[in-house]
Amino acid sequence: LASLIGVGFLWGATNPFIRLGTQQIARSKRESPLIALKIWIPFLLNQCGSVLYAWTLQNCSITMAVPIANSLSFVFTAITGNLLGEKIAERRVVLGATLVCLGSTAILFDQMALKDSL
C-alpha cells in the first residue's frame with residue numbers, strides 16, 4: 001500500500017510542475033537551461049514513479065494497483081496544482097475524485113477481505 005501511495009504521489013505531484021514548465025517554454029522566445037530543468041526534474045521524478053509502479057506490480061494484484069495508483073495520482077495532482085495557485089476544480093470534479101477514491105478504498109478492503117478468507 002505504501003508503494004502505491006508513493007506511485008500516486010510521484011505521478012500526481014509532478015504533473016502540475018511539468019505543465020507549468022511546458023507553459024513557460026511555450027511563452028519563452030528562447031529556451032534557457034533553467035526552464036528546461038523545470039521540466040526535466042519533475043519528468044524524471046514522474047518516471048521514478050513508473051519504475052516504482054512496475055516494481056509494485058510484482059507484489060500486488062493489478063486489479064488493486066491500477067485504481068489505487070490512478071485515483072491517488074488524480075488527488076495529488078489536484079492538491080499540488082492548488083498549492084501552486086491553479087484554479088480549484090469545480091464541484092463535479094471534486095465529487096468525481098471523491099467517488100473514485102471511495103471506489104478504490106472499496107477495492108482495497110475487498111482484496112484484504114479476500115486474502116483473510118483464504
Side-chain angles (χ1 to χ4, degrees):
L1 183 61
S3 61
L4 289 174
I5 293 170
V7 169
F9 177 76
L10 286 170
W11 281 350
T14 56
N15 286 336
F17 287 103
I18 293 170
R19 184 172 42 245
L20 189 64
T22 55
Q23 288 172 353
Q24 287 179 345
I25 284 181
R27 284 180 285 187
S28 177
K29 302 247 190 265
R30 59 182 176 82
E31 190 174 327
S32 78
L34 183 60
I35 292 176
L37 277 178
K38 288 183 179 182
I39 293 176
W40 279 103
I41 291 173
F43 175 75
L44 292 174
L45 288 171
N46 187 288
Q47 294 307 299
C48 288
S50 296
V51 170
L52 180 59
Y53 182 68
W55 178 80
T56 301
L57 287 178
Q58 295 175 6
N59 305 316
C60 183
S61 166
I62 195 165
T63 58
M64 187 171 80
V66 170
I68 291 173
N70 287 328
S71 63
L72 288 175
S73 172
F74 184 75
V75 169
F76 284 119
T77 297
I79 291 169
T80 305
N82 189 19
L83 292 173
L84 291 175
E86 292 181 359
K87 181 182 170 188
I88 298 175
E90 57 184 72
R91 276 190 239 165
R92 290 183 305 164
V93 175
V94 173
L95 176 63
T98 303
L99 291 174
V100 168
C101 288
L102 288 174
S104 296
T105 303
I107 290 170
L108 178 63
F109 283 126
D110 181 58
Q111 291 291 321
M112 290 170 55
L114 185 63
K115 269 188 180 175
D116 289 342
S117 67
L118 296 176

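All values below come from the heavy atoms of this structure, side chains included, with hydrogens, waters and symmetry mates left out.
Listed here is the closest heavy atom pair of Ser104 and Pro67: OG-O, 3.1 Å. Residue Gly81 comes nearest to Pro16 through the heavy atom pair N-CG, 3.6 Å, listed as atom of the first residue, atom of the second, then distance. Nearest approach of Leu52 to Gly6, heavy atoms of both residues: CD2-C, 4.0 Å. Of all non-hydrogen atoms in Pro42 and Phe17, the two that sit nearest each other are CG-CB, 3.6 Å.
One distance of note links CG of Leu45 with CH2 of Trp40; it measures 13.0 Å at 0.5 Å rounding. Separating the CZ atom in Phe9 from the OG1 atom in Thr80 is a distance of 6.0 Å, to the nearest 0.5 Å. Taking CD1 of Ile5 as the start and OG of Ser73 as the end, the distance is 13.5 Å to the nearest 0.5 Å. How far CG of Asn70 is from SG of Cys101: 11.0 Å, rounded to the nearest 0.5 Å.
Atom CD1 of Ile62 has 12 or fewer neighbouring heavy atoms from other residues, nucleotides or ligands inside a 6.0 Å radius.
Side-chain N or O atoms of Thr14 include one that pairs as donor or acceptor with a backbone N or O of Leu10 at under 3.5 Å.
The aromatic rings of Tyr53 and Trp11 lie tilted to each other, with the angle between the two planes from 30° to 60°.
No continuous path of ILVMFWY side-chain contacts below 4.5 Å connects Leu37 to Ile18, so the two sit in separate hydrophobic clusters.
For the side-chain contact (heavy atoms from CB on, under 4.5 Å) criterion with Arg19, the lone passing option out of Thr77, Ile39, Leu84 is Thr77. With Ile68 as reference, Leu4 is the one residue of Thr105, Val100, Val7, Leu4 to meet the side-chain contact (heavy atoms from CB on, under 4.5 Å) rule.
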